[in-house]
Amino acid sequence: MSTLFLIGMHGTEKSQTIVHNEHFFDRVIELQDLDSLMVTLYRDRVSPFPNPYNFETGVSLVLYDPSRFQLSVRQLDVLFKRFFPSFNISAVDHTHEENLQRLNCVERENSVCRNRITRINHWMYHHNDDTPDGIAKKHFSTINQNSAPTQACQANIYTLLLHLNDSKAQHLQKASVPRLIRNIEFMSFLSEPIGKLSQDGSHYWNILSTWDFCALSLSTQELIWCGFTLIKKLSRDSNVLIADNKLLLLLFTLESSYHQVNKFHNFRHAIDVMQATWRLCTYLIKDNPVQTLLLCMAAIGHDVGHPGTNNQLLCNCESEVAQNFKNVSILENFHRELFQQLLTEHWPQLLAISKKQFDFISEAILATDMALHSQYEDRLMHEKPMKQITLISLIIKAADISNVTRPLSISARWAYLITLEFNDCALLESFHKDHRPDQDCYADSYKNIDSAEEDLDYIQSILTNVTNPDDIIKDHPYIPNGQIFFINTFAEVFFNALSQKFSKLKFLSDNVEINKEYWMKHKKPN
Ligand SMILES: Nc1ncnc2c1ncn2[C@@H]1O[C@@H]2COP(=O)(O)O[C@H]2[C@H]1O
């Protein structure tokens, strides 16, 4: 869905160009000022699933007069990139008619980001620097009344490369949090969990404290609340304090740095891994609250910006992001860099502590690369005495794939989601048979592809209404085979070895066996 925001614009200021182009947007919202804009962005983003206004499945433009708000277009764009990194949103100075050519782009851009496959393709492989700076450098004559929109259009759509480059650029600028964001009371966007707490003050503690934790049945507001509740407690335990509103800003920024439209690799997975990490820490690093805090934070950030695909796909198509990391642990390095930057900005004290301890958070995030799985398995079985860094890595690795150790009804729903994500990877690969990954997204051949309407409504109804795995595999009969493969190849040996080493963790390998038994009963002949 796409939104046209008109800020502080009175009827007479609305030019004919704006009026003629409004119909390209799904909605037009008129707001008094930029403060109201920020509130709308946050409020929409944390609306209940399936959330049409997540700012990812369409392109949104903000038309305003910079001179009236003492904030240039460039500054507002930087603010969007810093605090809403996954959003397709850009600022436009509407007082110069030629700038309104950007409105012509929206129809084309929407067609790229409404289709899951073209959207993911664009995220992963689009290399051009379409920012106004980049365009100026390449002498594209795009803001020209007579010319058709060209690559300049794509400036409004998220890409991994821009996310990474913007994050690096912010690192250099060391800017403070702008007033527009600093003034926000983030608790005001969390009415849902606060409402539940008024009925039962320990509700979220109770759900966070068991291995039956089901992030799948939580809304975005509740996920943020769970992160807030746990990290606040751990920060107190370890005396690395952070003010409530600052912690909430960090969590809202993290949520906006994950792709809500991904089936599996989204903020929900991040909170699930954070919870699993914490539970494992209560058994394995009992007397070290600082390390528990660092590891739980690493867990929340470990997949930030994940495109819902994999390293192989980035590598095969020689994406610039892959080259940037020399084809080594590409996504993990990507997550690590983005998260480091977020911490530099939002919680530098924690980052400093992390760096003092063998670059704790970075090491933890890098350990989640499954290409290193057998190495870690080896260390788990043979390293004596086990080094602290190995233990930390094993905890976050175990948490990352802990969905197969959850009770079956929960595990099956995670299996369903990862299967859908794998299916999209397969669609992306077949898309590449006919299209160069980095070709101009507006070329004709790119248009009529027949895959991948949005299906978030359908997925959400399964997640909330279906708890019986039988119902899930009725529609997706090959899920059991995928789960057996994953358990046989990775999970079984790993969790058995972990349970042998740490007997209190036997429930993990027990659950894997129960789940495997179920999948075996429903296995399809290959
Ligand atoms: N239930 C599951 N079934 C199949 N693969 C899984 C499952 N859980 C995790 N994985 C894989 O394990 C990987 C761990 O690292 P990633 O999160 O990058 O991507 C994950 C998936 O590829």
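As the structure is a computational prediction, the values presented were derived from the model and not from experiment. Worth knowing before you read on, the calculation uses all heavy atoms, side chains too, and leaves out hydrogens, waters and symmetry mates. Sequence positions, counted from 1, serve as the residue numbers for this chain. For ligands, and for the atoms within them, numbers begin at 1 and follow the listed sequence.
- In this structure, His476 and Tyr416 have perpendicular ring planes: the angle between them is above 60°, well past the 30° mark.
- Below 4.0 Å from some heavy atom of Val404 lie the following atoms of ligand 1, by number and element: 1 (N).
- Listed by atom number, the atoms of ligand 1 under 4.0 Å from His265 heavy atoms are 16 (P), 17 (O), 18 (O), 19 (O).
- Under 4.0 Å from ligand 1, not a single heavy atom of Thr419 appears.
- Applying the 4.0 Å criterion to heavy atoms of Asp303 picks out, from ligand 1, the atoms 17 (O).
- Applying the ring pair (Phe, Tyr, Trp, His ring centres under 6.0 Å) criterion to Tyr42, with sequence neighbours excluded, gives Phe84, Phe186, Phe189, Phe252.
- For Arg45 and Phe87, the positive end is not near the middle of the six-membered ring at less than 6.0 Å and at most 45° from its axis.
- Listed by number with element, the atoms of ligand 1 under 4.0 angstrom from any heavy atom of Gln483 are 1 (N), 2 (C), 3 (N), 4 (C).
- Between Glu492 and Asn488 there is a side-chain heavy-atom pair separated by less than 4.5 Å.
- Of the protein's non-hydrogen atoms, Phe486 CE2, 3.6 Å is the one closest to atom 7 (C) of ligand 1.
- Close approach of ligand 1 to Phe422 (heavy-atom distance below 4.0 Å) involves ligand atoms 4 (C), 5 (N), 22 (O).
- Atoms of ligand 1 found under 4.0 Å from any heavy atom of Asp400 (numbered from 1 in listed order, with element): 14 (C), 15 (O), 17 (O).
- Applying the ring pair (Phe, Tyr, Trp, His ring centres under 6.0 Å) test to every pair with at least one member in residues 280-301, sequence neighbours left out, gives these pairs: Tyr283-Phe507.
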